[in-house]
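Heads up, the thing below is written out as structure tokens.
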Amino acid sequence: MTKKTGTTKKSPATPVLSAFTHASYVYTGEMIRKKDGRKLEPADVSAVEDGAIVFDQKKIHWIGPARELPKIYKSVKATDLKRKQAIMPGLIDSHTHLVFAGSRAQEFARRCAGATYQEIADEGGGILTTVNATREASEAELFELALKRALIAYRYGIRTIECKSGYGLDHDAEMKCLKVVKHLREALPQMTFVSTYLGAHAFPKDRRRTEYIDEMVRKTIPEVAEKSLAEFCDVFIDEGYYSIEEGERVLRAAKKAGIKTKVHADELANTESAHLAAKLGANSADHLLKISDYGVESLAESSTVATLLPGTALYLKENFAPARDLLDKGAKVAIATDFNPGTCYSLNLPLMMNLSALYMKMNSAEIFAGVTYSAACALGLEATKGTLDVGMDSDFVVLPYDCFEEMYYRLGW
Ligand SMILES: [Zn+2]
């Protein structure tokens, strides 16, 4: 080791502190965290009235009522919110298909005019439109599209966003999509991107089913793990898509490679895929429009988060997922957009909160947890994000409103 000389090297810089004072409320979500997001009452949002928060670039240093701000922080550069704005944890969208190319606006118009999904699919439309466009697009083109979308999400207060691959449906195109998420992380350090490999989204038309699964299990998943291109692996287990056996094979391969798991479960039909997700210890089971009582019990007794996507139910004119049933039995419930080109073309997470209140009868703390703590659990980030406490990430949003309910009272703003 060389000896330090003179003044050329400084000791590690002390972090520069900032503060917000006199927030109408600082919603810490402390009780939600203590109750692990289960059986929540409205007061569990843990609102500190006339609150203050002291933080540096990375971590929170202090939270509490403004009048109790310790003397040592009095000289910190502070912004006075004049009790007109509230602070809450940065929103988390824990289920999106952010990376794809092509538009399905024409198909949507045709579908609304009466064409069935099957008719459109028979003409080579539907998911195949997106797969073809995504395969043809360069990594740079996909990045530009995804970057624009991420910036829209940011404006809705989303600070953490999960991004799935799944429109490549072959080794190279899937890897290309996952690399886009890696570049997003570098381009937008103000957001957290969680990457999910969803090679098992559908089956490619140009390959045999078993051949494609073999490729995922033997080649793509080990390579994704080795290159750290995804934290999660997801499988679309449903009627007409992956069977329980096929899905379990892919998910077990991911677990073996050290990748955490998620499942698109019980959306079009009940296949007991929510139960499989709980059995395998997946972080989340998503959709759940057709979940059985058995599936509800399985999730309630597990740490697997039930991720509900009410925008998709709305878009498909389907019944909403049985949120009350899941919540009353003690499951953890997250709310996400499912942003994708076919069944929910929206990044408006506050709109999904509105649908959760109106059509899934969720109370305000359940909705709050759905886009913060429980969504963080669905992504394995609950130790640092989703609630606010000293030592946790300084990942919060200053709302343009004096209470968080205003976010979802406004319909689609
Ligand atoms: Zn999805």
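For ligands, and for the atoms within them, numbers begin at 1 and follow the listed sequence.
- Aromatic pair Phe203/Tyr241: centroids not less than 6.0 angstrom apart.
- Glu119 has no carboxylate O lying under 4.0 Å from a charged side-chain N of Arg110, or vice versa, which leaves the two without a salt bridge.
- Ion pairing of Asp172 with Lys176 is absent here, as no side-chain N (NZ or NE/NH1/NH2) approaches a carboxylate O to less than 4.0 Å.
- We find that Lys34 and Glu30 are joined by a salt bridge, their nearest charged nitrogen and carboxylate oxygen being less than 4.0 Å apart.
- Applying the ring pair (Phe, Tyr, Trp, His ring centres under 6.0 Å) criterion to Phe20, with sequence neighbours excluded, gives Phe55.
- Panel detail: the Zn ion (ligand 1) has protein N, O or S atoms under 2.8 Å away, 4 in number.
- Between Lys58 and Asp393, no side-chain nitrogen of the basic residue sits less than 4.0 Å from a carboxylate oxygen of the acidic one, so the salt-bridge criterion is not met.
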